[in-house]
There are 2 protein chains.
Amino acid sequence: MQQIADAAGVSVTTVSHTMSGKRPVNPETATRIKRLIEEFGYVPDAGARHLQSGRSRMIGLAVPDISNWYFGRIARGVEEMADELDYGLIVCSTFNSDPRREKRYFNMIRTRMIDGLVYTAGRQISEMNELEKVAASSPVVLADEGIDRLSSLPWVTSENLEGARLVAAHVRQLGHTRAVIIAGFPGLNSTIERVAGIREYFPNALVLNGDFEMQSGYDLVGDLLANDFPFTAVFGCNDLMAIGAIRRLREHGLRVPEDVTVVGFDDIEIASVITPGLTTVHQDVVTIGRTSARLLIDGIEAGSFDAIESVVVPVDLVVRGTSGPVAS
Amino acid sequence: MQQIADAAGVSVTTVSHTMSGKRPVNPETATRIKRLIEEFGYVPDAGARHLQSGRSRMIGLAVPDISNWYFGRIARGVEEMADELDYGLIVCSTFNSDPRREKRYFNMIRTRMIDGLVYTAGRQISEMNELEKVAASSPVVLADEGIDRLSSLPWVTSENLEGARLVAAHVRQLGHTRAVIIAGFPGLNSTIERVAGIREYFPNALVLNGDFEMQSGYDLVGDLLANDFPFTAVFGCNDLMAIGAIRRLREHGLRVPEDVTVVGFDDIEIASVITPGLTTVHQDVVTIGRTSARLLIDGIEAGSFDAIESVVVPVDLVVRGTSGPVAS
DNA sequence: TGGAGTGCGCAAAGCGTTTTGCATAATTCG
DNA sequence: CGAATTATGCAAAACGCTTTGCGCACTCCA
């Protein structure tokens, strides 16, 4: 910048002002300076800006695993919005809440490497104390999964309860009465709400807790079959577990949906690709990401989250081939 | 830091030295300072460090779309390695080389927001001039896809040629002679190599160019069927197109693999979930990401890429259910 | 014609580190 | 025992930008 100032015969102040527009600059001078900036290919140094302003124009996103399709979609949404608002995105895979990694990323907020954090809780909720401390003094928004202990933070989630009702009503209407719920981790809000929604229609449904991976759907259904537990419908609290359940059922010689109806939740990419397609609840995950980023950045720029309202993103029932009338 | 220095009754210099260890400090003083640091919860300001050192300890990753499973895996690998080497990761989805976005991210390197860039070329190779300029003066490593015009940069790719040979040999051995190749974009190295490998076994195979999306596999096979083009095997240059092809074949009443053998490339998550499983070439995508990050950071820390060798990551043939002997 | 603006520009003070050049005291060596 | 080290610590200079406080020259209104 000094270089530009020298070449233009002005002070760095003037150059800075022509760039920021915070003080008037003679149009003639401004043009000359702008031409030189162009010519020199000058760009302001991010580090200096950061130090001076105390803001990095970077936000962080913590997800359990960036290579999971679902969280990838969230990341995409966050990144889209961040980009639109001229922020950069630093991603942090917590790898299921590896404390060392989480600590590292929380430190990013302390060192003011990032101006705020979008946090998506994963399998186990660990290090909540750390998060709580960080959130007490820095901008944090919870995406996809609310956390009771941090209820004061703004959050963005899907209509889990309503989604569960929709799909449960659908299955009920097909005549099913004996259903099993393959739920997620017990402590998660999403799990609780989804189970509650399903139970409005199937009050006695058995609830088994899985870990959101395909294998756990496979294994849990295996246990049921081994015990001759009677059921005609399986509710997966996410699509992966539902798909695992389908595989296990098939291996056992049962047909889907003729013998057993299986439904999921999420509508991940795979759900529409398998045959038959998985009946599930579509979540607008990109929107969750986008909205989270917007709330966060709004809060950062406003300097407070007092005026920031949490958001619930609507869901849709998507009926495909894995749900059918109960066998008579 | 001033605060710590005051509390300890020393100068900031001494505090800085106890932290960095670049000058000896009296053990007694050091202990006292460390305790105070702990007590105050002091962490050095990232912006100030960045300005002073000229390094941000951040690297960038540019991929076409972070929510694509394949690129998500690359991101995971890059992030893992970056984390191990104590670097942060800024992700940049280029959304198929949207020039505005690319420009923005290239600027991150200019503003020295990031110390280097892992670049994964997408569908269309645009803005190469920009990349070329950036790469001339800053650390850039190409991941997953080499680029001829930038052959001087270090790169990390899969053994595309060998992988194509493996799968082609497999299909040839099943007795097939009439094959069709659903290739990717014509200009990409991976496309060229994969086609070349397949053609060693099927010299006359028809080559159709798709865009790596499921729909294009579907559409291209549709064209073939509409023209009664005779074939018994389809090579997808990635799994998504292969899956699209399978769907179209099935809709046309053809069975896979009884009537037509279909194979892919990548071994994405979906490939093992569909029924039957997709025969394909497994790429170790996470390793591509990890290696790229390592090369980049090695280069950054060495101050030069002269000693950095490009890497080819091995692939495996994965035989599943979509390939079978030619119908007699 | 004397204030009261207002348009433009400069100098200088930070922002929070790291690093360099000196001091001073303590230790070692020939 | 004098000289050469070594150990320890401080002051001050960067790093490249933004912002604040002033000054100077106009213009405007009564």
Side-chain angles (χ1 to χ4, degrees), chain A residues 1-34 36-37 40-58 86 88 107-115 137-138 301 303, chain B residues 1-34 36-37 40-58 86 88 107-115 137-138 301 303:
Chain A
M1 186 181 252
Q2 188 62 59
Q3 217 179 0
I4 304 281
D6 291 348
V10 297
S11 75
V12 289
T13 313
T14 308
V15 177
S16 177
H17 284 149
T18 59
M19 299 193 74
S20 69
K22 296 207 172 176
R23 287 267 187 102
V25 174
N26 186 315
E28 208 172 297
T29 320
T31 318
R32 183 155 39 98
I33 290 173
K34 281 182 187 152
L36 285 165
I37 285 174
F40 280 63
Y42 164 81
V43 280
D45 180 274
R49 268 206 153 133
H50 182 180
L51 172 59
Q52 161 67 33
S53 66
R55 303 210 165 291
S56 60
R57 293 198 80 82
M58 289 277 149
D86 200 32
N107 253 356
M108 275 199 184
I109 232 176
R110 295 213 184 84
T111 64
R112 302 196 310 168
M113 177 76 243
I114 54 180
D115 296 340
S137 60
S138 311
E301 307 211 320
Chain B
M1 185 182 254
Q2 187 64 58
Q3 216 178 0
I4 304 282
D6 291 348
V10 296
S11 75
V12 289
T13 314
T14 308
V15 177
S16 176
H17 284 149
T18 60
M19 299 194 75
S20 68
K22 296 209 172 175
R23 286 266 187 102
V25 174
N26 187 316
E28 208 173 296
T29 321
T31 318
R32 183 159 35 99
I33 290 172
K34 280 180 188 153
L36 284 165
I37 285 174
F40 281 63
Y42 164 79
V43 280
D45 180 274
R49 268 204 154 134
H50 182 182
L51 172 59
Q52 163 67 28
S53 68
R55 302 207 165 295
S56 61
R57 293 198 80 81
M58 287 278 149
D86 199 31
N107 254 358
M108 277 199 183
I109 232 177
R110 294 212 184 84
T111 64
R112 301 194 312 166
M113 178 77 244
I114 55 180
D115 296 341
S137 59
S138 311
E301 306 211 320

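Sequence lines set the chain letters: A, B, ... in the order given, protein chains first and strands last, and positions in each chain run from 1.
When all heavy atoms of A/D115 and A/S56 are compared, the pair lying nearest together is OD1-N, 2.9 Å. Scanning both residues, A/S11 and A/A5, for their nearest heavy atoms gives C-CB, 3.7 Å. Considering every non-hydrogen atom in both A/T18 and A/A30, the closest pair reads CG2-CA, 4.0 Å. Here the closest non-hydrogen pair linking B/I4 and B/L36 is CD1-O, 3.8 Å.
Residues from residues 44-55 of chain A with heavy atoms under 4.0 angstrom of DNA chain D, sorted by number: A/P44, A/D45, A/A48, A/R49, A/Q52. Residues of residues 11-20 of chain A having a heavy atom closer than 4.0 Å to DNA chain C, listed by number: A/S11, A/T13, A/T14.
Between A/M19 and A/M1, the closest side-chain pair of non-hydrogen atoms falls below 4.5 Å.
Between the A/R57 side chain and the A/D86 main chain, a donor and an acceptor come within less than 3.5 Å of each other. Remark: the backbone N or O of B/R55 is not paired with any side-chain donor or acceptor of B/R112 at under 3.5 angstrom. Side-chain N or O atoms of A/S16 include none that pairs as donor or acceptor with a backbone N or O of A/V12 at under 3.5 Å. A donor-acceptor contact shorter than 3.5 Å is absent between the side chain of B/T14 and the backbone of B/V10. Judged purely by atom type and a 3.5 angstrom limit, A/H50 has no side-chain atom pairing as donor or acceptor with the backbone of A/D45.
Side-chain atoms of A/R23 and base atoms of C/dG9 include a donor and an acceptor less than 3.5 Å apart.
Spacing between atom CE of B/M1 and atom C1' of D/dC10 amounts to 14 Å, rounded to whole angstrom units. Rounded to an integer number of Å, the gap from A/I4 CD1 to C/dG9 P is 16 Å. Rounded to an integer number of Å, the gap from CZ of A/R32 to C1' of C/dC8 is 13 Å. In this structure, the CD atom of B/Q2 is 10 Å from the P atom of C/dT17, given to the nearest Å.
Both B/N26 and B/R112 lie near DNA chain D, and the one whose nearest nucleotide falls closer to the 5' end is B/N26.
Between A/K22 and D/dT19 there is a side-chain polar atom (N or O) within less than 4.0 angstrom of OP1 or OP2.
Few gaps surround CD on B/E301; more than 12 heavy atoms of other groups in view lie less than 6.0 Å from it.
Direction change of the helix axis from one end of the helix from C/dT1-D/dA30 to C/dG30-D/dC1 to the other is 40°, with five pairs defining each end axis (rounded to 10°).
Each of C/dC8, D/dC17, C/dC10 was ranked by its minimum atom distance to the side chain of A/Y42; first place goes to D/dC17.
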